[in-house]
Amino acid sequence: MPATLLPPAVESKPKSSHGSSGGGFDGGWDGDDSQRWGDGGSQSAGTSPDSYRLAMWLGLASILMLFVALSSAYLVRQGASMDWRAIAIPSFLLPNSFLLLASSATLELSRRASKRGLSLGLRNWVSVTTLLGGAFLAGQIWIWRGLAAQGIYLSTNPHSSFFYLMTGAHGVHLMGGIIALLVVSFKAWFQVYSSVSFRTLLDVTAIYWHFMGGLWVYLFILLFVWR
């Protein structure tokens, strides 16, 4: 069945002469968010989408500093410890990592569908992204339980301590991304969006989610590749 087009957003004022009349939730959006902001009445006056993106990057900077501090402690402890015993890579860790990387790809597909005004593609791909993110977290819990069954706990040795601490901190932050994806999915499925606010929410969520994916790749290399 061909994908349906999103209904045009209701305009509260006539469109400018240079605006587009295309379908989807663009609603005639000409790409200049600062000029169109507030048309749907869902955003505060004077706040541009770039302000939300900047706020997200500032928040990610604080997360990055946390993991930089943890990485520094990890490297110092590794170099100064005589009881350092690296644990083997859990068997499911690599396949589980591919789930998270795949979720970044499906999120990009949902963004492409949104730009083309394809509601069906948007709903399907953002839902797949949310499911993959949830599956990754479930896989992490399964990995932790498997390590515990082998007698490898938080306090077993320094390497296992950092593994639990760093992957756990990543999981907590990833949960925030899943919550954002659930909000996006709800708005997509129930068509609760306006011409600008939904696109901004999707873009900001994508920035956060891709950062979490990149951070996971870094943690994997730090914990199991770089010795």
Side chain to side chain contact (heavy atoms under 4.5 Å, CB included) between Ile143 and Asn96: does it pass, once the steps are laid out?
CA-CA 9 Å; Ile143 290 170; Asn96 202 43; 4.2 Å; yes
Given the side-chain rings of Tyr218 and Phe67, with only the six-membered ring counted for Trp, is the space between their centroids under 6.0 Å?
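That pair fails the under 6.0 Å test.
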Name each donor-acceptor pair under 3.5 Å that joins a side chain in residues 168-184 to protein atoms two or more places apart or in another chain, with its distance.
unit_1, atom_1, unit_2, atom_2, d
His170, NE2, Met212, O, 2.9
His173, ND1, Ala169, O, 2.7

For the atom pair [atom1] ([X]) and [atom2] ([Y]), what is the distance rounded to the nearest 0.5 Å?
X      : Y      : atom1 : atom2 : value
Ser197 : Lys187 : OG    : NZ    : 6.0 Å
Asp203 : Arg53  : CG    : CZ    : 5.0 Å
Thr106 : Arg111 : OG1   : CZ    : 12.5 Å
Leu154 : Ser161 : CG    : OG    : 5.0 Å

Shortest non-hydrogen contact from [X] to [Y]?
X      : Y      : result
Ser97  : Phe220 : OG-CD1, 4.0 Å
Ser114 : Leu202 : OG-CD2, 3.6 Å
Arg77  : Pro158 : NH2-CG, 3.4 Å
Leu70  : Phe162 : O-CE2, 3.9 Å
Gly213 : Leu100 : CA-CD2, 4.0 Å
Leu222 : Ser71  : CD2-OG, 3.7 Å

Is there a side-chain contact between [X] and [Y], using heavy atoms and a 4.5 Å cut-off?
X      : Y      : value
Gln191 : Arg123 : yes
Tyr164 : Leu147 : yes
Met56  : Phe211 : no
Ile141 : Leu137 : no
Ile221 : Val217 : yes

Is there a path of hydrophobic side-chain contacts, each under 4.5 Å between heavy atoms of I/L/V/M/F/W/Y residues, joining [Y] to [X]?
X      : Y      : result
Leu60  : Leu54  : no
Leu58  : Leu66  : no
Trp142 : Leu131 : no
Trp226 : Leu223 : yes
Met65  : Ile207 : no

Verdict with reasoning, Phe163 to Leu219, per side chain to side chain contact (heavy atoms under 4.5 Å, CB included):
CA-CA 9 Å; Phe163 173 79; Leu219 292 178; over 6 Å; no
Is the number of heavy atoms from other residues, nucleotides or ligands within 6.0 Å of CH2 (Trp144) greater than 12?
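Atom CH2 in Trp144 is packed in, count exceeds 12.
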With a cut-off of 6.0 Å (strictly less than), are more than 12 heavy atoms of other residues, nucleotides or ligands near CZ of Phe98?
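Counting neighbours around CZ of Phe98, 12 or fewer heavy atoms of other residues, nucleotides or ligands fall under 6.0 Å, so no.
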Exercise: do [X] and [Y] side chains pair donor with acceptor under 3.5 Å:
X      : Y      : result
Ser127 : Trp189 : yes
Ser48  : Ser51  : yes
Thr129 : Ser103 : no

Do any N or O atoms from the side chain of Asn157 and from the backbone of Trp84 form a donor-acceptor pair under 3.5 angstrom?
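Such a contact is absent between Asn157 side chain and Trp84 backbone.
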Side chain to side chain donor-acceptor pair (under 3.5 Å) assessment of His159 paired with Gln78
CA-CA 8 Å; His159 188 245; Gln78 182 184 34; over 6 Å; no
Test side chain to side chain contact (heavy atoms under 4.5 Å, CB included) on Trp216 and Thr167 and set out the steps.
CA-CA 8 Å; Trp216 177 256; Thr167 59; 3.7 Å; yes
Full working for side chain to side chain contact (heavy atoms under 4.5 Å, CB included) between Phe198 and Leu122
CA-CA 12 Å; Phe198 182 84; Leu122 169 63; 3.6 Å; yes
Transitive ILVMFWY cluster of Tyr153, excluding itself - 4.5 Å side-chain cut-off
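Grouped by the 4.5 Å side-chain rule, Tyr153 forms a cluster of one, so the answer is none.
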